[in-house]
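Numbers restart at 1 for each chain; the letters A, B, ... are given by sequence-line order, proteins then strands.
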There are 2 protein chains.
Amino acid sequence: MANVQTLSKGEQTRERILDIAQDAVLHKGFAGTSLDEIIAEAGITKSGFFYHFKDKNDLAKALLQRYLDTEWSVFDALFKQADELSEDPLHSFLIFLKLFAEVMGDLPNGHPGCLVSSYVYSDHMFSRDVREMTTEGHRIWRRRFRERLDRIAARYPSRIEINLDDMADMLSAVADGGIILSKSLSEPGVLSRQIMQYRAFVRLVFLGN
Amino acid sequence: MANVQTLSKGEQTRERILDIAQDAVLHKGFAGTSLDEIIAEAGITKSGFFYHFKDKNDLAKALLQRYLDTEWSVFDALFKQADELSEDPLHSFLIFLKLFAEVMGDLPNGHPGCLVSSYVYSDHMFSRDVREMTTEGHRIWRRRFRERLDRIAARYPSRIEINLDDMADMLSAVADGGIILSKSLSEPGVLSRQIMQYRAFVRLVFLGN
DNA sequence: ACAAGTACTGTACCGCGAGTACTTTTCTCA
DNA sequence: TGAGAAAAGTACTCGCGGTACAGTACTTGT
């Protein structure tokens, strides 16, 4: 929740609505989250809500956009940090994965859930543009991780035949799946350990140990 | 959909309701699926529905129970098939993973979605016993895969330090995440390729190639 | 042939939640 | 102090989950 001071009153209310809504959506699904409960918790009226969002789908869109932006900036920061610690593409990626696992492991109550995954299991509830946003989100992550893997593959021979798109996707899959397992088992540590296993896989493929 | 002939008329209707409900739940979430649409598609009345299920939560429970039973028997069949093709625990597991990937790849419209994953993102909608069923489902899969890995680890030294529970969980994670990616990207092939990558990981850990 | 289930249909009703529409008030800052 | 931002107020509609209960057609054993 970046610098509250710089946000106008309206923007603060809007962010508060989004915070409350996101938490509810991750536990009850989008359709299961009522506007009434959101406005009650936000301490506003229905009219106040509709001042900020034209309908429920508009809320879904804003929620997803904010989530994707946040994820993007988190990855950006971790990649930057990793790049500062090593020039080598493989070691930088391995450092990134370690940092990623640490961040995911340090969340006090475990990861609250991936909004994109939640939306995928409610796709028929949303307008086409929202559905395209989830698709595009996964495409971006694939492209992003793939870039890193390309640079690695250019310098390191791989021990086995591997499709780099699949290897890039696997990080998304392991993260999404790890979050589900963590939540379902109430074992917050599962997610970061799964990321570390993906790291072990990358290491085995390019270093052999 | 085992032998329709052996099912009584009531059981057939019940199964039809479950089929329709499952499809809807995987696309709209549980809360987003209305009883009215289910009964309309099933060609019954509301009273007919409540003859089979005492309320919506009861439907959720029956849906999940049937899903878990089906998954269990699919895995059972694949493990049995794999065991017949090799006595060696590692090769049997690798064959199993190949078969699993093939089955997932042969689904004409891609995997329809994992009901357990869908439920995890709606946990607050369900009663405690339903939530415990999803947890128990993941625990069973972990135990199941772990047994296989134990037998493998007893015969093959692992190339890296590895936690076998995590390795067992990784298959669930990769499958759940792979399904989400497949659905989101509308690329049915992603799921089976992710399973094959998990297979490559297991192979690298225990065989080094 | 008939009684006893089984598997429903029909009807009527309730309260809550999403969403619409539009007016009015309060706050905030230049 | 006045204009726009940020709501509050009011009033209504419709869909949905759920309840209650009476009636009916089909099926199955005896």
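Salt bridge annotation for B:Arg14-B:Glu11: absent, with no cationic side-chain nitrogen under 4.0 angstrom from a carboxylate oxygen. A salt bridge links B:Arg146 with B:Asp150: the distance from a Lys NZ or Arg NE/NH1/NH2 to an Asp or Glu carboxylate oxygen falls below 4.0 Å.
Phosphate contact (OP1/OP2 of C:dA7, side-chain N/O of B:Tyr51, threshold under 4.0 Å): present. Residue A:His52 has a polar side-chain atom (N or O) positioned under 4.0 Å from OP1 or OP2 of D:dA7.
Ring geometry for A:Phe96 against A:Phe145 counts as tilted: the plane angle lies between 30° and 60°, on a 0 to 90° scale.
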Enumerate the protein-to-nucleotides 14-21 of chain C contacts in which both atoms are nitrogen or oxygen and the separation is below 3.5 Å.
| unit_1 | atom_1 | unit_2 | atom_2 | d |
| --- | --- | --- | --- | --- |
| C:dA18 | OP1 | A:Thr33 | O | 3.4 |
| C:dA18 | OP1 | A:Ser34 | N | 3.3 |
| C:dA18 | OP1 | A:Leu35 | N | 2.8 |
| C:dA18 | OP2 | A:Leu35 | N | 3.0 |
| C:dA18 | OP2 | A:Asp36 | N | 3.1 |
| C:dA18 | N7 | A:Lys46 | NZ | 3.3 |
| C:dG19 | N7 | A:Lys46 | NZ | 3.1 |

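At a cut-off of 3.5 Å, with distance as the only test, no side-chain donor of B:Asp36 or B:Ser34 sits close to an acceptor on the other residue. Checked by atom type, the side-chain pair A:Asp129/A:Ser127 shows a donor-acceptor distance below 3.5 Å.
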Using residues 105-118 of chain B as the side-chain source, report each donor-acceptor pair under 3.5 Å to any protein atom, sequence neighbours left out, with the distance given to one decimal.
| unit_1 | atom_1 | unit_2 | atom_2 | d |
| --- | --- | --- | --- | --- |
| B:His111 | ND1 | B:Gly113 | N | 2.9 |
| B:Ser117 | OG | B:Asp176 | OD1 | 3.3 |

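For B:Glu11 and C:dC8, the CD to C1' distance is 15 Å, given to the nearest whole Å. Look at CZ on B:Phe53: it is 12 Å from P on C:dA7, rounded to the nearest Å. Counting to the nearest Å, the P atom of C:dT28 and the CD atom of A:Gln12 are 11 Å from each other.
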